[in-house]
2 protein chains.
Amino acid sequence: MAVRLDDMDRKILAELQVDAEQSLDEIARKVGSSKTPVWNRIRRMKEAGVITRQTAILDPEALGLEACFFVLIRTSEHEAEWQRKFLKALRERPEVLEAHRLAGDIDYILKVRVKNARAYDTFYQALISEVRIYNVTALLSMEEIKATTMLPV
Amino acid sequence: MAVRLDDMDRKILAELQVDAEQSLDEIARKVGSSKTPVWNRIRRMKEAGVITRQTAILDPEALGLEACFFVLIRTSEHEAEWQRKFLKALRERPEVLEAHRLAGDIDYILKVRVKNARAYDTFYQALISEVRIYNVTALLSMEEIKATTMLPV
DNA sequence: TCTGAAAGACATGTGAG
DNA sequence: CTCACATGTCTTTCAGA
């Protein structure tokens, strides 16, 4: 899976992560190359799946999504059918931005973005009515200190 | 802070979140409008800060970043100077993708992406040598069920 | 591999309905 | 607010080193 990337590739990725709207010329200038080779490298990295897609990052506050919760979930159920339903519920709910299955005594962690505490409660009630969950702890974010999509390359 | 957005704005935002590389014509066609109005709306939303920036999303696995940890932190220190140092450390470390200050008995949560468990340990040792921390729980992600940058609009 | 040139597509701006 | 067109810039391709 791991693709071989040289120094130039990494510089290009760093630039694309900072700002994907820059022109090829600009990127080429910054990384010390020229248009065509940069274009070829980007194409290769897209084909290799290193670059997944290009997206607009929105400001959640400006959209009125002012509450962010991390939800720790313990479950007593580990049957395939239960899990299938649970994962489906998570994938279908747009307020669930992240969901991970964990090692250890906590089984799942979710990151949920909603308008306010009441909207979280609505989400929570809907979720537990869909699937049986043993124990839930919600951690309310008071302040987003850092949130980046930029991976270290 | 919250900007007034109509239905058309929301459709455009949804498209831009799915794929920001589409041409204006394509977006216009999908949302049932034409180029100029779509372009004006996008410009307005950028100026209003609804659209923050445009970025390339990379595949962490393809980059060899195969381990993802959520780190729960309790601290006994709540002095301004300690906090300043702690936040600075978090912001400067590129492996920290997210950091939130929480309400409740857990003070902070981090999301950390690294190559492997050893790299996490290196990160952890470096962090606790920089600032005093009372209690740390690391949750290891076994499976990323969902991870999206798409906010519900 | 890179360079340079050249086509074609596209974003951006203007003026009119 | 929308449409249609103009212009200049950018992506994308190709030949040649």
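Throughout, protein chains are lettered first and strands after them, A, B, ... in sequence-line order, and every chain is numbered starting at 1. What's counted below: heavy atoms across the whole structure, side chains too, no hydrogens, waters or symmetry copies.
Listed here is the closest heavy atom pair of M8(A) and G32(A): CE-O, 4.1 Å. Heavy atoms only, all atoms of each residue included: M142(A) and L102(B) are closest at CG-C, 3.7 Å. Between V114(B) and A119(B), the shortest heavy-atom distance links the atoms CB-CB, 3.8 Å. Nearest heavy atom pair, residue T52(A) against residue L58(B), reads OG1-C, 3.6 Å.
Following rounding to the nearest Å, Q22(B) (CD) and dT11(D) (C1') show an atom-to-atom distance of 17 Å. For the pair R29(A) CZ and dC10(D) C1', the interatomic distance rounds to 15 Å; values are reported in whole Å. Distance CG (N40(A)) to P (dG4(C)): 15 Å, rounded to an integer number of Å. The distance between atom CD of Q54(B) and atom P of dC10(D), rounded to the nearest whole Å, is 15 Å. Separating the CG atom of D19(A) from the P atom of dC10(D) is a distance of 13 Å, rounded to the nearest angstrom. Remark: P of dC10(D) and CD1 of I27(A) are 12 Å apart, rounded to the nearest angstrom. The CE atom of M8(A) sits 11 Å away from the P atom of dT1(C) (whole-angstrom rounding). Nucleotide dA9(C) holds its C1' atom 12 Å from the CD atom of E26(B), rounded to whole Å.
Which of dT2(D), dC2(C), dA11(C) sits closest to the side chain of R41(A) comes down to dC2(C).
Between T75(A) and R132(A), the closest side-chain pair of non-hydrogen atoms is not below 4.5 Å.
OP1 or OP2 of dT2(D) has not a single side-chain nitrogen or oxygen of S34(B) nearer than 4.0 Å.
Backbone-only engagement by P37(B) is indicated by non-hydrogen atom pairs under 4.0 Å involving sugar-phosphate atoms exclusively.
Taking the centre of each ring, F86(A) and Y108(A) come in below the 6.0 Å mark.
To the nearest 0.5 Å, atom CG of residue L5(B) and atom CG of residue D7(B) are 10.5 Å apart.
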Please list, for nucleotides 12-17 of chain C, all pairs of protein and nucleotide N/O atoms separated by less than 3.5 Å.
from: dT12(C); atom 1: OP2; to: W39(B); atom 2: NE1; distance (Å): 2.9

